Amino acid sequence: MDTRPQPASQAQHWLSRLPYAALVLFVLLIGALIWLTQLHDEDSQRHSLISDALWMEQSLQFQLDRNAAQLAQLGPELVASEISTQTDARLRQLLRADNGLTRVIWLDRDGNILSMLPSLSEPSTPDGRRALQAVIDPDLSRLAATVGRPVYGPIYPAASGGHQFEVHIPAISDAGLLGISIGVYSLEGLLARELPWWFTEKYRVSVMDSEGNEVTTRSRAAPLSNAHTHTMTFDPPGHGLTLQITAYAGEIRWIPALLMTSILALAAILLWSFWQLRLQLKRRLAAEAALRGETLFRKAMEDSLLTGLRARDLTGRITYVNPAFCNMVGFSAQELIGLRPPMPYWHPEHIERLQEIHDMILSGQGPRAGVEVKLRRKNGDALDALIFEAPLIDASGRQTGWMGSIMDITERKRARELARQQDERLQATSRLITMGEMASTLAHELNQPLAAISTYNSGCLNLLTEGATDIDELRDVHEKIARQAYRAAAIIHRVHDFVRRSEPKRERIALNDVVREAVELMDADARKRQMRIVLHLAPGLPTLAADPVMIEQLVVNLVRNGMDAVAPLPADRRIISVTTQERNGNLILRVADRGPGIPPEQARRLFEPFFSTKEEGMGMGLNICRSIAELHRGRLSFEAGPDGGAVFILTLPVEMEPATA
Ligand code: ADP
């Protein structure tokens, strides 16, 4: 259950949102930066466009002004009747300067053409002159003469193609107007000569008329539609002409572009790594949640375990105990963790053995099948426990200690003891019943020595009455009496031994002796029922650690069952044979009869309690026999005899440990 306080979780919630907010902010900032850079870029491009346009305008103006000034200077000489060689040379130099000026014409005061340079192909023909004269606007010349400074004319198509315009410059002396010099410019020529290559690489330059139509242009390609444009008046020559300068797009400015690309690439890498980090975090959180779930599951499992768990390091110090172990011994985990032997839950009477077991486990020699120990609870109650130890291995495969699982077997042991006592009582009862069944035979058996004693005693009395003095004869009679009394006592003793109820005891017994005792007990009954019990006892058998009364009871039961089985047979076939032998470290007892044998449908139920086919049978005999065999770590089975009948086989291990009660 999540018991964290609400504010903490809210703070965590905000904290988890923080990286996202930072990321959004970062993206916005990058966007703004790009936008601002672009703005700045455009601004600087516009600035450079304007300053370049101004430069171009000034440069054109400067060129036109300079030409006008030179023409003004040469004017008086040109209109004079004779042109000096020097003036001619200067004029030719001016025309050769290749600055758009294509021709210079000079007129007299009345507007008639005096001469021109270069001269027309047929300059002297009156038609050529007339044609040229017709082209020259006399109004412009007049205006120039009136205002006394250069006057520019409008643009008009040239006969040779392209466009041209004129500048009329008055030649004035102190005496007044001498004539007019006219400079004829080719518009295309002016633009071609005066604009440097880098300018036309960068910009498209157009000349527009007053109606916005393009007159001419200096361009290597059509500009892009969104390119920057700057328009200004083209004066001189004026007359509504404008110059339009449009920047070509596509000039890549490498350093800012590189910078921007790097920023974008870095931003992309940042976003990607943030995304990866987020994925990794998600995976890690999922793994943590799974681990937490696993831990809780494990803890719930450990807490619900009834088996105690106790971990120790390699020095024997307790490092962990589970709740079941604490409940078992009554000490809390805090009281136990960190302790070294002797532990407070060790039973004081068994400290030495417990220390031995502890040392054995730490040296890796602990019994694999577990070990039973006697412990003591905190309240002083004794506790029987079964301990299994396993090595504790860490993630690197190194042993770090031992983990012991401890089971409280106090109750189990008590129940086992109770069952044993009940078994014992049942066996004793069964023996009494057997005796009860044989009582009349035994009484008869006992009667014989008693009758003999009585007879001998009467004979003795008669001898005494007759005054017999033969001591030897009297002694003989008394010895006979004593023998019979001994015989009677032996019978009583045997019966007593058989039915006495004592604590089961383990002692070294000779199996053959026990068999003989049992057969003697039944001998009278057998004789009475005209049966024979034949013994085939192998000599020199090893002794067994067993309870003699129990083994005797087992033999009596088997022999009595055999006697019951042969009862219906003719007297000469009423034989029960009892055999003992040693084989493969086991002592084997076989009780065989020639009776009807065991039908298969009964075979399965033979050892069940209260299963009997006899009218007065109780059906406990074989069940008790099997319990006795198992108590001695042996086995009781049966098979069909070679000549019919049944053979019951008891197998007891010779080297068996004394059975624990
Ligand atoms: P009970 O003798 O009181 O019947 P047991 O447990 O000794 O009880 O025997 C159970 C049954 O096993 C007998 O009733 C009998 O049917 C069968 N049984 C035991 N021993 C023999 C045997 N030697 N031959 C045939 N049947 C036998």
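Since the structure is predicted, the reported quantities are computational estimates derived from the model, not experimental observations. Throughout, residue positions are numbered sequentially from 1 according to the sequence presented. One-based numbering, in listed order, for ligands and for the atoms of each. Because only heavy atoms are used, hydrogens play no part in the values below, and waters and symmetry mates are left out as well, while side chains stay in.
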Next on the checklist: Contact between ligand 1 and G619 is defined here as a heavy atom of the residue under 4.0 Å from a ligand atom; is it met?
Outcome noted: yes
Next on the checklist: Please list, in number order, the atoms of ligand 1 under 4.0 Å from a heavy atom of Q602.
Outcome noted: 16 (O)
Checklist entry - Atoms of ligand 1 less than 4.0 Å from G617 heavy atoms? => result 3 (O)
Next on the checklist: With a 4.0 Å cut-off on heavy atoms, is F607 in contact with ligand 1?
Outcome noted: no
Checklist entry - Between the side chain of H347 and the main-chain N/O of V373, is any donor-acceptor distance below 3.5 Å? => result no
Checklist outcome for this item: Nearest heavy atom to atom 5 (P) of ligand 1, choosing from T434, T613, L622, belongs to L622
Checklist entry - Is any NZ, NE, NH1 or NH2 atom of the basic residue among R376 and D381 found under 4.0 Å from an Asp or Glu carboxylate oxygen of the other? => result no
Checklist outcome for this item: ligand 1 atoms nearer than 4.0 angstrom to some heavy atom of F611 are 10 (C), 11 (C)
Checklist outcome for this item: If you scan protein heavy atoms around atom 7 (O) of ligand 1, the nearest is N561 ND2, 2.9 Å
Checklist entry - Can R560 and D564 be counted as an ion pair, charged N to O under 4.0 angstrom? => result no
Sequence neighbours left out, cut at 3.5 Å: what donor-acceptor pairs do the side chains of residues 405-413 make with other protein atoms?
{"from": "D408", "atom 1": "OD1", "to": "T410", "atom 2": "N", "distance (Å)": "3.0"}
{"from": "D408", "atom 1": "OD1", "to": "T410", "atom 2": "OG1", "distance (Å)": "2.6"}
{"from": "T410", "atom 1": "OG1", "to": "D384", "atom 2": "N", "distance (Å)": "3.0"}
{"from": "T410", "atom 1": "OG1", "to": "D384", "atom 2": "O", "distance (Å)": "3.4"}
{"from": "E411", "atom 1": "OE2", "to": "R414", "atom 2": "NH1", "distance (Å)": "2.9"}
{"from": "K413", "atom 1": "NZ", "to": "E372", "atom 2": "OE1", "distance (Å)": "3.2"}

Item to check | side-chain hydrogen bond (donor to acceptor under 3.5 Å, both in side chains) contacts in which one or both residues fall within residues 513-523, not counting sequence neighbours | outcome: R494-E520, D513-R516
Checklist entry - Of the protein's non-hydrogen atoms, which lies at the shortest distance from atom 17 (C) of ligand 1, and what is that distance? => result L606 CD1, 3.8 Å
Checklist entry - Does G597 have a heavy atom less than 4.0 Å from any atom of ligand 1? => result yes
Checklist entry - Got the closest protein heavy atom to atom 2 (O) of ligand 1, with its distance? => result K614 NZ, 2.7 Å
Checklist entry - According to the interplanar angle, ranging from 0 to 90°, do the rings of F648 and F638 count as parallel (below 30°), tilted (30 to 60°) or perpendicular (above 60°)? => result tilted
Checklist entry - Where does I598 meet ligand 1, judged by heavy-atom distances below 4.0 Å: at the side chain, the backbone, both, or neither? => result side chain
Checklist entry - Salt bridge check: are K528 and D525 linked by an N-O gap of less than 4.0 Å? => result no
Checklist entry - For K614 and N561, does a side-chain donor sit closer than 3.5 Å to a side-chain acceptor? => result yes
Next on the checklist: Closer than 4.0 angstrom, basic N to acidic O: yes or no for R310 and E389?
Outcome noted: yes
Checklist outcome for this item: Of all protein heavy atoms, the one nearest atom 4 (O) of ligand 1 is S612 OG, 2.6 Å
Next on the checklist: So for D593, does at least one of its heavy atoms come nearer than 4.0 angstrom to any atom of ligand 1?
Outcome noted: yes
Checklist entry - ligand 1 versus A565, non-hydrogen atoms closer than 4.0 Å: side chain, backbone, both, neither? => result side chain
